[in-house]
Amino acid sequence: MFSLAPLPYAHDALAPTIDAETMQIHHGKHHQAYVDNLNKALDGHNAGADLISILGALDALPESVRGAVRNNGGGHANHSMFWNLMRPQPQAAPTGELKAALEAAFGDMAQLQEKFNDGGVKRFGSGWVFVVFDPKGGALSIQSYPNQDTPLMEGKFALFGNDVWEHAYYLSYRNRRADYLKAWWNVLDWAQVEQRYAQLKAGEKLI
Ligand code: MN
């Protein structure tokens, strides 16, 4: 059985970038629903397997539950990553090895943010934008995915990512997804991203 972890900060800690009501609904209702529906879908199927293995081998599941596991398992993985990336008093910029790798892949920080935000704005409908880490060689790329799809489905990992479903921003930003994407960098904690990068480089598998 999968379960919802508490947030590592208070619901209002990321305001005004993300308001308290959005956090309450997004974590307590949307993410909880992904967890509950994943558990329902997996009932009797692949019990005991870890989420990374399940999402990396969706074809191994019966077709009757595959779609529900893809949507809700992806939702659980993506949101588990997302909450832990953010902090009320974040490290404002990357340093060291991560900074060098990001600059090599995308140019300076302004260029990285522009490309990432563009990926998020252009995702039609609901989805995510990620900096994806390819464990075969360590390349970094910016990719957007529909719905709750995740790089884990391709044997890759999110270094970090942002949720561009309307439920992530609509109460404060209404239809202005681009403004939300720009503001979100204010709460991204680069210390968390640096830790993920070090773990991924060391060969760990991360949700
Ligand atoms: Mn979401």
Side-chain angles (χ1 to χ4, degrees), residues 2-42 51-52 54-55 58 67-88 90 113 116-133 142-154 156-189 192-193 196 206-207:
F2 293 96
S3 59
L4 180 65
L7 290 172
Y9 36 75
H11 287 107
D12 61 358
L14 303 180
T17 303
I18 304 179
D19 66 272
E21 190 180 7
T22 294
M23 291 300 293
Q24 281 161 351
I25 297 169
H26 197 178
H27 178 261
K29 303 294 183 188
H30 289 279
H31 190 172
Q32 183 70 60
Y34 296 127
V35 171
D36 293 345
N37 289 325
L38 174 63
N39 286 328
K40 266 184 229 161
L42 279 177
L51 189 53
I52 293 173
I54 291 169
L55 289 168
L58 287 169
V69 172
R70 176 178 178 164
N71 290 334
N72 294 290
H76 182 33
N78 287 337
H79 288 86
S80 297
M81 170 206 66
F82 182 63
W83 310 128
N84 275 318
L85 291 172
M86 301 183 288
R87 290 292 187 277
Q113 293 185 3
F116 184 94
N117 292 354
D118 191 54
V121 165
K122 286 184 177 159
R123 165 53 50 197
F124 184 78
S126 297
W128 289 74
V129 56
F130 298 102
V131 171
V132 174
F133 177 90
I142 291 170
Q143 315 259 1
S144 88
Y145 289 69
N147 305 313
Q148 295 296 350
D149 284 358
T150 148
L152 297 171
M153 290 163 48
E154 301 161 354
K156 297 177 184 173
F157 300 95
L159 175 62
F160 65 90
N162 195 0
D163 185 345
V164 298
W165 284 58
E166 285 185 344
H167 68 221
Y169 62 85
Y170 208 85
L171 294 181
S172 286
Y173 297 87
R174 300 302 173 184
N175 61 310
R176 298 185 305 277
R177 183 189 289 184
D179 291 350
Y180 160 70
L181 278 155
K182 272 185 210 161
W184 179 75
W185 298 97
N186 295 329
V187 292
L188 175 63
D189 182 14
Q192 305 302 320
V193 183
R196 288 179 68 83
L206 290 185
I207 280 174

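Along the sequence shown, the residues carry numbers beginning at 1. In what follows, every heavy atom counts, from backbone to side chain, and hydrogens, waters and symmetry copies are set aside. In each ligand, atom 1 is the first atom listed, and ligand 1 is the first ligand listed.
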Worksheet item: Near R70 CZ, under 6.0 Å, is it more than 12 heavy atoms from other residues, nucleotides or ligands?
Response: no
Practice prompt. Would you please name every residue forming a side-chain contact (heavy atoms from CB on, under 4.5 Å) with D118, sequence neighbours left out?
Written response: K122
Item to complete: Sort out for me which residue in T17, V187, L188, D189 forms a side-chain contact (heavy atoms from CB on, under 4.5 Å) with M86.
Response: V187
Worksheet item: Taking only residues two or more places apart in sequence or in another chain, which ones pass side-chain contact (heavy atoms from CB on, under 4.5 Å) with P88?
Response: Y9, A13, L14
Worksheet entry | Protein N/O/S count near the Mn ion (ligand 1) (criterion: distance under 2.8 Å) | 4
Worksheet item: With sequence neighbours left out, what residues match Q113 under side-chain contact (heavy atoms from CB on, under 4.5 Å)?
Response: W185
Item to complete: Say whether, by atom type as modelled, one donor and one acceptor occur between the side chain of R87 and the main chain of Q192 under 3.5 angstrom.
Response: no
